[in-house]
2 protein chains.
Amino acid sequence: MQESSLTEAKIRIEPEPPLLSRLRQMIVGGAVQPGDLLAETALAQEFDISRTPIREALKQLEREGLVEVRARVGTFVRRPTQREIHEMFELKESFEGLAAGLLARRGPVPELEQLRENVARSQQAVDSGDAELYSQLVHEFHSTLVAGADNRKLSEHYDLLMNQLAYHRIVSQTLSLPGRLKNSVGEHQAIIEALTSKDPLAAELVMRRHVAASSQSAAMAALKEAEEQPG
Amino acid sequence: MQESSLTEAKIRIEPEPPLLSRLRQMIVGGAVQPGDLLAETALAQEFDISRTPIREALKQLEREGLVEVRARVGTFVRRPTQREIHEMFELKESFEGLAAGLLARRGPVPELEQLRENVARSQQAVDSGDAELYSQLVHEFHSTLVAGADNRKLSEHYDLLMNQLAYHRIVSQTLSLPGRLKNSVGEHQAIIEALTSKDPLAAELVMRRHVAASSQSAAMAALKEAEEQPG
DNA sequence: CTAGAATCTCTTGTATGCAAGAGATCACTA
DNA sequence: TAGTGATCTCTTGCATACAAGAGATTCTAG
């Protein structure tokens with residue numbers, strides 16, 4: 001292969017093609033349902049573009065586990081199996097545990113203050129009974145925590161995972177046992193305390209216990225959904 | 001979107017397109033070096049196929065972090081930054097720790113016997129001074145352990161990670177401090193004991209300590225390589 | 001000799017036509 | 001009516017032509 005005469009490529013953040021983002025959002029946002037056909041021709045017309053870029057985006061989404069491309073049959077929105085959901089929750093626990101450990105090791109960082117503000121707002125949401133807002137804040141808490149680990153590769157893997165869990169997150173967060181809601185605020189508070197205690201391993205274990213607990217109710221919600229919508 | 005009239009797709013293992021595998025192997029195997037240009041036209045001629053499938057494979061590899069596609073300039077083999085290498089070793093520790101915990105929780109499984117055989121052969125390789133074989137067995141030990149966790153999503157993420165670390169694994173395993181080699185056999189033996197002790201958390205911690213230790217020497221090797229081949 | 005602009009070449013991005021196959025539909029037969 | 005076969009339509013897979021831009025090169029002016 002020919003050696004490039006260019007100097008080392010500068011590190012640039014490349015914006016993701018909007019087409020890919022839009023298609024992904026259609027899936028994780030629930031605009032299309034598992035089992036739905038995503039035909040290249042139809043999408044090409046809808047986005048007023050040729051099949052080629054559509055095709056590339058769909059291939060990408062296949063690699064992300066969001067769709068399944070069946071040769072000469074069609075591209076379908078994928079529904080994770082029960083087993084995959086279980087596996088992904090195990091990974092989620094590991095990722096967020098790692099993030100908590102790394103964050104605790106970093107010491108005082110801006111993200112910690114964001115987490116504190118998040119908990120305060122979450123408490124207000126619980127007090128005012130705004131389940132929708134609370135659900136959003138819970139998601140934000142976990143995202144902020146992972147971002148605070150300051151490990152981009154971890155973030156990449158985490159985003160990949162959470163996209164696949166997205167539609168299940170919707171049901172899990174909203175349908176989870178009401179009793180867990182206010183309890184969750186307390187757990188988030190405890191997590192912050194562990195993060196500031198400068199004991200990374202303790203922070204990791206507290207985080208993992210929290211994720212495992214919330215995953216349990218989320219998995220139950222996912223199971224319930226699977227029963228209601230038999231494939 | 002039109003609902004598919006098909007019954008739920010059966011779970012089938014789809015073989016990966018050989019083209020993609022071959023291109024990936026060219027990169028992780030070292031046939032092409034970081035910075036090298038992978039021009040679609042040249043590859044199309046080399047593989048006697050049109051640009052379209054080549055292009056799709058390259059996009060895939062970009063998503064895997066192995067190449068960088070610069071619009072209207074070229075597709076180049078990517079060299080991970082020092083920071084990324086550090087981040088990936090952190091992830092590796094987490095992944096293999098999770099795998100050890102899951103494997104320990106599973107109890108007696110065939111993979112454990114494979115690991116014992118691996119250690120026995122590794123000891124022979126050390127005794128006979130076969131560094132090449134030993135390096136290969138070390139890799140096999142870790143692969144077997146992750147596979148034994150019986151979590152496919154974990155395996156997917158792990159494979160993704162290890163492909164990116166592949167060319168660094170080459171140097172790290174072969175160039176790592178000779179003193180660590182025989183020490184490593186002992187550590188592998190200790191890991192197996194922890195895996196059979198039915199204490200998942202202990203197994204995880206032992207595994208993570210081992211990975212962290214070996215990562216340190218590997219990171220040193222990667223750093224050394226980076227100095228020798230300035231971008 | 002140097003600086004700068006125009007040009008030129010090589011690259012990827014996109015559109016489109018055709019091939020091939022999977023699956024649904026419909027006709028036909030026992 | 002049930003089963004079976006051919007056909008037909010819709011899908012993705014692949015090849016290719018053209019567009020557009022980045023960067024190296026060359027030419028020109030000072």
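Just so it is clear, the values below take in all heavy atoms, side chains as well, and ignore hydrogens, waters and symmetry mates. Each chain gets a letter, A, B and so on, in the order the sequences are listed, and its residues count up from 1.
- Here B:Lys59 does not reach the OP1 or OP2 of C:dT12: none of its side-chain N or O atoms lies under 4.0 Å away.
- A:Ser184 and A:Tyr134 share a side-chain donor-acceptor pair at under 3.5 Å.
- With rounding to whole Å, A:Arg72 atom CZ is found 18 Å from C:dA24 atom C1'.
- Following rounding to the nearest Å, B:Leu20 (CG) and D:dC14 (C1') show an atom-to-atom distance of 17 Å.
- When the P atom of C:dG13 is taken as reference, atom CD1 of B:Ile54 falls 14 Å away, rounded to whole Å.
- For B:Thr52, the listed nucleotide lying nearest its side chain is D:dC14; candidates were D:dC14, D:dG23, D:dT12.
- Here A:Phe95 and B:Phe95 bring their ring centres to under 6.0 angstrom of each other.
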> Passes side-chain contact (heavy atoms from CB on, under 4.5 Å), A:His142 versus A:Glu96? Steps please.
Replying inline: CA-CA 8 Å; A:His142 288 251; A:Glu96 299 193 9; 2.5 Å; yes

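- Spacing between atom CG of A:Leu38 and atom C1' of D:dT11 amounts to 13 Å, rounded to whole angstrom units.
- Positionally, the nearest nucleotide of DNA chain C for A:Ile49 lies more toward the 5' end than for the other of A:Ala71 and A:Ile49.
- Residues B:Gly74 and A:Pro53 both approach DNA chain C. Their nearest nucleotides, taken by heavy-atom distance, put B:Gly74 toward the 5′ side.
- You'll find a donor-acceptor pair under 3.5 Å spanning the side chain of B:Arg51 and the base of C:dG13, going by distance alone.
- Counted by atom type alone, B:Gln82 and B:His86 present zero donor-acceptor pairs between their side chains at under 3.5 Å.
- Spacing between atom CD of B:Gln45 and atom C1' of C:dC10 amounts to 13 Å, rounded to whole angstrom units.
- The two residues B:Ala147 and B:Glu111 come nearest to each other via the heavy atoms O-OE2, 4.2 Å.
- Between D:dC14 and B:Arg55, no contact under 4.0 Å exists linking OP1 or OP2 to a side-chain N or O.
- In this structure, CD of A:Glu62 is placed 8 Å from P of D:dG13, rounded to the nearest angstrom.
- For D:dC14, neither phosphate oxygen OP1 nor OP2 lies less than 4.0 angstrom from any side-chain nitrogen or oxygen of B:Ser50.
- For the pair B:Asp36 CG and C:dT11 C1', the interatomic distance rounds to 16 Å; values are reported in whole Å.
- In this structure, CG of A:Leu43 is placed 17 Å from P of D:dC10, rounded to the nearest angstrom.
- Place B:Asp48 and A:Thr75 on DNA chain D by their nearest nucleotides, and A:Thr75 ends up nearer the 5' end.
- Listed candidates were D:dG13, D:dG23, C:dT12. Nearest to the side chain of B:Arg70 is D:dG23.
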